[in-house]
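The structure appears below as structure tokens.
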Amino acid sequence: MEKMITIPRYIVVDEDRNAIYEILSKLNLKNPLVVVGKSTKKYAPDFEYIYYSDINLEDSDIKNITKGYDSVIGVGGGRSIDIGKYIAYQTGIPFISMPTTASNDGIASPVVSLRQPSILVDPPIAVVVDLNIIRKSPKRLLSAGFGDMVSNITAVLDWKLAHREIGEGYSESSAIFSKTIAEELMDYVLRDIHLSHYPEKLVKALIGSGITISIAGSTRPASGSEHLFSHALDYLKKKYELDVDSLHGEQCGVGTIISSYLHYKEDNLSYEDMENIRLSLKRVGAPTTGKKLGFEEEILIEALTIAHAIRKRYTILRKGISKERAEEILKECEVI
Ligand SMILES: NC(=O)C1=CN([C@@H]2O[C@H](COP(=O)(O)OP(=O)(O)OC[C@H]3O[C@@H](n4cnc5c(N)ncnc54)[C@H](OP(=O)(O)O)[C@@H]3O)[C@@H](O)[C@H]2O)C=CC1
Ligand SMILES: O=C(CO)COP(=O)(O)O
Ligand SMILES: [Zn+2]
């Protein structure tokens, strides 16, 4: 079927540590394998588990890992969920997402983003969020999650631009959904000085972002030029073996400052909206400069010059930016 949209069947965002057991019984799943990291093992439900660091993704018989299990539960940040989602997909069994923080929109998405380009798989059959765990998770992770959420604003602008300039397919419903949840969260961050409901609003927005990807059948509503910049940084981290531990959402946040400046210069975004993006990132404590992200200027300049070529995706970067122009842009939007 061409346009079948698959989204999670159950989504629980609550303060109930036992929700996972109820969901498993509703789905008649009895023997899950839990994929977890070393810091998040303490949050795992009481089933057999494997550390994602012990999984060799290149392993041709990855199916052996899940032999005898009827499902996979990913417990943790983006990597646990990505790897759990991936091995469940490889073996054709259901995946349940149990995020322990809200650091990116892989929580409910049909995407595995372990390398570029990311691949579309099945979304989790269920998403089970214990808000008590999210609220206690490291602030830095919750700031990164905002970066991956606000990135939807420039992602949708890039998608519209691609539709206008090269006739790329465009889903109005998922674009409006994506833009609206990102702007709603940004407005909340700018409005509520105490950010008392931030973790809950963030995790719900990130779940929504994953659903917009399912509706579009692509990461277009959540990934544009700002993600290309983040993926370029990931590429350069590997190429130069840089010792920088920046998170995906943090990189996307700085990427969004750059992309929103480029869209402002082409009248696709107001000056006020561009400044609200920077201000809201600052309010949640996310990095807003390359230095705070941990990169030297020349790496940031190189990332912006190669970003357009990271994958086949038309954005406001178009066919690429020269080194000189990249340096000018990064200075003009105060990233360097
Ligand atoms: N599928 C998709 O759509 C997307 C997927 N991704 C994936 O996400 C990854 C990045 O995810 P991200 O979360 O930023 O980074 P990580 O998954 O590397 O998580 C960062 C660290 O936070 C720890 N952590 C998570 N929750 C808690 C908690 N409650 N308390 C204490 N520590 C905690 C993790 O622990 P531990 O060591 O136990 O894991 C890990 O050490 C990317 O590498 C990519 O694989 C990114 C974007 C989109
Ligand atoms: O990070 C993502 C969405 O937030 C996945 O997007 P990509 O398609 O750019 O990997
Ligand atoms: Zn992302």
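We count ligands from 1, going down the list as the structure has it; atoms in each ligand are counted the same way.
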(message) Just to verify, what does Y21 make a ring pair (Phe, Tyr, Trp, His ring centres under 6.0 Å) with, not counting sequence neighbours?
(response) F47
(message) Under 3.5 Å between any N/O of R313 and any N/O of ligand 2: does that happen in this structure?
(response) no
(message) What do you get for the angle at the Zn ion (ligand 3) between NE2 on H227 and OD1 on D148, to the nearest 10 degrees?
(response)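 Nearest ten degrees: 90°.
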(message) Applying ring-ring contact (aromatic ring centres under 6.0 Å, His included) as the test, list every pair that has at least one member in residues 52-90; sequence neighbours left out.
(response) none
(request) Indicate the ring-plane relationship of Y49 and Y51, choosing parallel, tilted or perpendicular according to the 30° and 60° boundaries. (result)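 Perpendicular: the ring planes of Y49 and Y51 meet at over 60°.
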(message) At under 4.0 Å between heavy atoms, is it the side chain or the backbone of S39 that contacts ligand 1, or both, or neither?
(response) both
(message) Counting only heavy atoms closer than 4.0 Å, does ligand 1 sit against the backbone of K38, its side chain, both, or neither?
(response)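 The part of K38 near ligand 1 is the backbone, not the side chain.
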For [atom], which of [options] has the closest heavy atom?
| atom | options | answer |
| --- | --- | --- |
| atom 8 (O) of ligand 2 | M149, H231, R311 | R311 |
| atom 6 (N) of ligand 1 | V36, L120, D82, T40 | D82 |
| atom 2 (C) of ligand 1 | P138, G106, C252 | G106 |

(message) Yes or no, since that's all I need: does a protein heavy atom fall within a distance strictly under 4.0 Å of atom 40 (C) of ligand 1?
(response)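 Within 4.0 Å: no protein heavy atom nearby.
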(request) Indicate whether atom 31 (C) of ligand 1 is within a distance of less than 4.0 angstrom of some protein heavy atom. (result) yes
(request) Could you find the nearest protein heavy atom to atom 4 (O) of ligand 2 and give me its residue, atom name and distance? (result)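 Going by distance alone, atom 4 (O) of ligand 2 is nearest to D105 OD1, 2.8 Å.
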(message) Between ligand 1 and S109, can you find any atom pair, the residue atom being a heavy atom, that is separated by under 4.0 Å?
(response) yes
